[in-house]
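As the structure is a prediction and not an experimental result, all values here were calculated from the model. Just the heavy atoms: all of them, side chains too, but no hydrogens, waters or symmetry mates, feed the values below.
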Amino acid sequence: MTAVGDIRGTTTDRRAVIALLRRLRSGEGHANPLPVWEKMRALGDVVRAPWGGYFVTGFEACSQVLRGRNWLVPDFAWQERQPDPERWQAPATQEMTRTLIRLNAPTHTCQRRALGNPFDRGTLEALRPGIAALVSELLDDLAEELRDGEADFVRTVGERLPVRTVGRWLGLPPEDYAHILDFTHRQVYAQELLPTKSELAVSAQATLEMRAYFTELIRHRRAHPGNDVLTGWIHYWDAQYPDDRAAADQVIYDLTMFITIASLETSAVLLTNAVWFLTQDPSRAAWLRAHPQHIDDAVEETLRYDPPVWLNSRVAAEDTVLAGTPVAKDTTVHVLYGAAAHDPRRNPDPEVFDIRRGGGHLTFGGGAHYCLGAALARLEARELLGQVLERFPTLRPTAPPTYDTSRVVFRRITSLKVTT
């Protein structure tokens, strides 16, 4: 018995769940996770995790968790209430727990309101010409590499567009982009579902580098203000903490660090997936080229079909019932974005990539923690697909994407070879 009653009616096939998680982490699982999502949903909308807590697989149940006020993110207070609090003491974990994705009200409300909508319509329109120019420059590089017959889309375009976009927006020095990408790739291991000791060690070192970089960046920008978002944040938070520079620096650091690294891994996967799904079927690319008004639909279907983030976690704020399953206060639930997006009750024939589907997905989350950069990511993908269709009518992949298979939460496509 739990605080909310007998839960013996929920799925407890531990071996089946472990087998599915292992398959998801394999090369086969990364290349085609759809069978895993289907089997997880077959176990129920709410599936017992082997270590406690639950996986949530159904679209409506996932939406309820992401949007409901009685579900919280696992913040410091929650971590301190756990029977094994030392599990959460890794430096990279502590660093990320201070950021927006791990803050609850009222702290989250305060920081979120201060940010406003950083990518409202006016801001996006102002950014559009610059992003279009960045895409054009990167596709020039791709065209140059294709003269040798084959190019790596991820290395040449997919990873570089997001860091250049957010770099210009924040005023990051271009010579630092490669370093930022490097420590981001390593730091994100701490955000995995069950990181190993070696992965946490890698993340710890990356966290030290990340902290040193952004601390120095803020110090330098305060001494040399510019016409950029970071300078604006410095002015705002210095005014909020006029007698406590350390507190102001901490908030500025948390925001700058989080928004920078959060916009890189996920956007790179979206951009690469969009080009992969577009070019692997020449008839699909030809149709979209003839119907460019559906480019936004192609971006949405990419987000639904293969989300850049496969999993996110919430905790019950109080004893509750989710999809018929009693869930006790403080219990962790893991929202499976891919399983939800392929729920046939929400998206019929979910295994079909259909640009004109008009279906739904939860890839950017929901509620108070809806992704800050969703509109920017969509703009980058829209501009990229438009220019790829125009400039590379015969672009095609020479092999499927390759993945960092050590990850199951924040995915990373390491390579996509293309030719013409």
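- Not less than 6.0 angstrom separates the ring centroid of Tyr305 from the ring centroid of His361.
- Remark: Arg81 does not engage Asp75 in a salt bridge, criterion side-chain N to carboxylate O under 4.0 Å.
- Two residues are said to be in side-chain contact when any heavy atoms from C-beta on lie closer than 4.5 Å; His342 and Pro33 fail this criterion.
- Relative to the ring axis of Tyr189, Arg407 places its NZ or CZ within 45° and under 6.0 Å from the centre.
- Under the 4.0 Å criterion applied to side-chain N and carboxylate O atoms, Asp296 and Arg378 are not assigned as salt-bridge partners.
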Evaluate side chain to side chain contact (heavy atoms under 4.5 Å, CB included) for Thr97 paired with Gln79, printing each intermediate quantity in order.
-> CA-CA 10 Å; Thr97 304; Gln79 292 172 15; 3.1 Å; yes

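- Of the listed residues (Asp404, Thr402, Thr405), just one forms a side chain to side chain donor-acceptor pair (under 3.5 Å) with Thr414, and that residue is Thr402.
- Using modelled atom types, one side-chain atom of Arg304 and one backbone atom of Pro350 make a donor-acceptor pair closer than 3.5 Å.
- Side chains of Leu66 and Trp71 form no contact here, defined as non-hydrogen atoms less than 4.5 Å apart.
- In this structure, Phe119 has its ring center under 6.0 Å from that of Trp169.
- With respect to Glu301 and Arg357, a salt bridge is recorded, a charged nitrogen being found less than 4.0 Å from a carboxylate O.
- Between the side chain of His369 and the backbone N or O of Leu72 there is no donor-acceptor pair closer than 3.5 Å.
- Using modelled atom types, one side-chain atom of Thr419 and one backbone atom of Gly149 make a donor-acceptor pair closer than 3.5 Å.
- Put simply, the side chain of Ile131 does not reach to within 4.5 Å of the side chain of Arg168, judged on heavy atoms.
- With respect to Asp249 and Arg219, no salt bridge is recorded, no charged nitrogen being found less than 4.0 Å from a carboxylate O.
- Glu383 places no side-chain N or O within 3.5 Å of a backbone atom of Glu380 that could act as its donor or acceptor partner.
- Remark: side-chain polar atoms of Gln94 are paired, donor with acceptor, to backbone N or O of Trp88 under 3.5 angstrom.
- Annotation for Tyr177 and Leu172: closest pair OH-O, 3.5 Å, computed over non-hydrogen atoms.
- At a threshold of 4.0 Å, the pair Glu137-Arg164 counts as salt-bridged, since one of the basic side-chain nitrogens sits closer than that to a carboxylate oxygen.
- Heavy atoms only, all atoms of each residue included: Val327 and Ala316 are closest at CG1-CB, 4.1 Å.
- Salt bridge present: Asp140 and Arg391 bring a charged side-chain N and a carboxylate O closer than 4.0 Å.
- A salt bridge between Arg411 and Asp306 is present, with a side-chain N of the basic residue lying under 4.0 Å from a carboxylate O of the acidic one.
- One N or O on the side chain of Ser203 and one on the backbone of Arg186 form a donor-acceptor pair closer than 3.5 Å.
- The pair Asp254-Arg98 counts as a salt bridge, with a side-chain nitrogen and a carboxylate oxygen less than 4.0 angstrom apart.
- Note: Tyr241 and Trp237 have parallel aromatic rings, judged against thresholds of 30 and 60 degrees for the angle between ring planes.
- With hydrogens and angles disregarded, no donor-acceptor distance shorter than 3.5 Å links the side chain of Thr266 to the backbone of Ser263.
- Taking the ring pair (Phe, Tyr, Trp, His ring centres under 6.0 Å) definition, one finds that Phe59 meets it with nothing, sequence neighbours left out.
- No side-chain donor-acceptor contact under 3.5 Å links Ser136 to the backbone of Ala132.
- Under a 3.5 Å cut-off, the side chain of Thr363 and the backbone N or O of Leu303 do form a donor-acceptor pair.
- Residues passing the salt bridge (Lys or Arg N to Asp or Glu O under 4.0 Å) test with Asp152, sequence neighbours excluded: none.
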Show your working on ring-ring contact (aromatic ring centres under 6.0 Å, His included) between Trp310 and His30 and close with a plain yes or no.
-> CA-CA 10 Å; Trp310 275 355; His30 275 266; 5.1 Å; yes

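- Remark: side-chain polar atoms of His291 are paired, donor with acceptor, to backbone N or O of Trp287 under 3.5 angstrom.
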